[in-house]
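All residue numbers in this chain count up from 1 along the given sequence. Since the structure is predicted, the reported quantities are computational estimates derived from the model, not experimental observations.
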Amino acid sequence: GLLSILRKLKSAPDQEVRILLLGLDNAGKTTLLKQLASEDISHITPTQVTRSGFYISKWLGGKKIYVIDSADRKRFEETGQELAELLEEEKLSCVPVLIFANKQDLLTAAPASEIAEGLNLHTIRDRVWQIQSCSALTGEGVQNWVVKTGISRLMRLDYG
Ligand SMILES: Nc1nc2c(ncn2[C@@H]2O[C@H](COP(=O)(O)OP(=O)(O)OP(=O)(O)O)[C@@H](O)[C@H]2O)c(=O)[nH]1
Ligand SMILES: [Mg+2]
């Protein structure tokens, strides 16, 4: 699972590392977290509630994951604004962001490319970003991409 990969990539168990998992209510954050941490999450404690997301200590540091309900078109504008605000946060400047276009198992889900366009993601130039289709419910697009390429790529970018 994800955690063992992370351990291999960064064998500093004492060091506290953080990931920020954000998204509007009902986007699928909790479901996604369960998928990502299919291993042992007993030692992962949500330490700080921020808006609609939370910090998770003892995990991957300095990265941001943003979750979007791809089927909830009525809220695309709202989620776009929320994301834009987050990207403007000074504390999070240059932090790489991984955007999950979640709920792709639903027939009404907008494809990731459409979401990327709607949210003007191509205008993000101050950080590494990536959008990934997934279903936190089925696990599709979560384990595969995150474990094999996404996070390891982000880790290498960060730690040389
Ligand atoms: N079909 C489908 N449903 C999903 C998916 N991910 C989450 N859901 C459902 O969407 C609802 C909200 O999911 P949560 O994981 O609780 O969302 P959340 O972002 O944690 O919501 P809050 O804690 O309220 O902010 C639940 O009914 C989930 O079962 C998905 O990929 N596909
Ligand atoms: Mg939740």
Side-chain angles (χ1 to χ4, degrees), residues 2-3 5-6 17-38 41 44 46-106 108-158:
L2 178 65
L3 293 176
I5 302 275
L6 295 182
V17 286
R18 285 170 193 278
I19 195 164
L20 199 51
L21 180 64
L22 298 160
L24 297 183
D25 53 284
N26 205 50
K29 298 177 297 294
T30 302
T31 313
L32 183 67
L33 177 64
K34 282 184 198 153
Q35 281 285 351
L36 288 173
S38 57
I41 59 164
I44 298 172
T47 52
Q48 197 182 340
V49 177
T50 76
R51 292 193 192 176
S52 45
F54 48 88
Y55 289 100
I56 304 154
S57 63
K58 303 275 183 196
W59 215 20
L60 175 64
K63 307 298 182 300
K64 192 158 45 160
I65 293 180
Y66 192 77
V67 189
I68 294 171
D69 181 342
S70 311
D72 196 354
R73 290 163 195 262
K74 291 191 301 292
R75 298 185 77 186
F76 280 1
E77 197 182 328
E78 185 187 348
T79 200
Q81 279 166 5
E82 181 84 11
L83 178 61
E85 269 176 46
L86 285 166
L87 296 180
E88 279 164 24
E89 294 255 350
E90 211 176 314
K91 271 185 283 184
L92 298 174
S93 66
C94 301
V95 168
V97 61
L98 169 59
I99 298 150
F100 277 109
N102 191 31
K103 306 201 185 180
Q104 289 293 326
D105 59 290
L106 297 175
T108 52
S113 56
E114 189 186 318
I115 292 174
E117 204 173 310
L119 267 53
N120 284 319
L121 295 184
H122 56 274
T123 62
I124 301 176
R125 303 217 187 280
D126 60 339
R127 72 190 69 232
V128 176
W129 64 272
Q130 177 88 41
I131 188 163
Q132 166 67 23
S133 308
C134 80
S135 167
L137 201 65
T138 66
E140 187 81 37
V142 175
Q143 292 291 351
N144 286 350
W145 188 85
V146 172
V147 172
K148 289 188 184 134
T149 61
I151 290 189
S152 60
R153 203 179 111 241
L154 293 180
M155 296 292 282
R156 278 196 293 277
L157 281 168
D158 237 31

Check your understanding: Does the side chain of V97 come within less than 4.5 Å of I65's, by heavy atoms?
Key -> no

**Study point:** Residue of the set K103, E114, Q104 for which side chain to side chain donor-acceptor pair (under 3.5 Å) holds with S70
**Key:** Q104

Review point. N102 side chain to A27 main-chain N or O, any donor-acceptor pair under 3.5 Å?
Key: yes

Check your understanding: Say you draw a straight line from CG of L86 to OH of Y66; how long is it, rounded to the nearest 0.5 Å?
Key -> 6.0 Å

Revision key, fill the gap. Between the CG atom in L83 and the CG atom in L22, the distance rounded to the nearest 0.5 Å is 9.0 Å

Review point. What is the minimum heavy-atom distance between C134 and V142, and which atoms define it?
Key: CB-CG2, 3.8 Å

Exercise for review: Locate the shortest heavy-atom distance separating G141 from F100; write the atom from each residue and the value.
Suggested key: O-CE2, 4.0 Å

Point to revise | Exceeds 12 heavy-atom contacts within 6.0 angstrom, atom CD of E77 | key: no

Review point. Do the side chains of I99 and Q132 get nearer than 4.5 Å, heavy atoms only?
Key: no

**Study point:** Closest approach of A101 to I115 (non-hydrogen atoms, all atoms of both residues)
**Key:** CB-CD1, 3.9 Å

Review point. Between CD1 of I68 and CZ of F76, what distance do you get to the nearest 0.5 Å?
Key: 7.5 Å

**Study point:** CG-CD1 distance between L119 and I124, expressed to the nearest 0.5 angstrom
**Key:** 8.0 Å

Practice item. Any chance you could measure L24, atom CG, to D69, atom CG, to the nearest 0.5 Å? Key: 9.0 Å

Practice item. Hey, could you give me the CG/OG distance between D105 and S133, rounded to the nearest 0.5 Å? Key: 11.5 Å

Point to revise | Residues which pass side-chain hydrogen bond (donor to acceptor under 3.5 Å, both in side chains) with T138, listed by chain and number, not counting sequence neighbours | key: S135

Exercise for review: Answer yes or no: is there a side-chain heavy-atom contact under 4.5 Å between L98 and W129?
Suggested key: no

**Study point:** Derivation and outcome, salt bridge (Lys or Arg N to Asp or Glu O under 4.0 Å), residues R75 and D25
**Key:** CA-CA 11 Å; R75 298 185 77 186; D25 53 284; 2.9 Å; yes

Practice item. Taking all heavy atoms of A71 and all of L106, pick out the closest pair and write down the distance. Key: CB-CD1, 3.7 Å

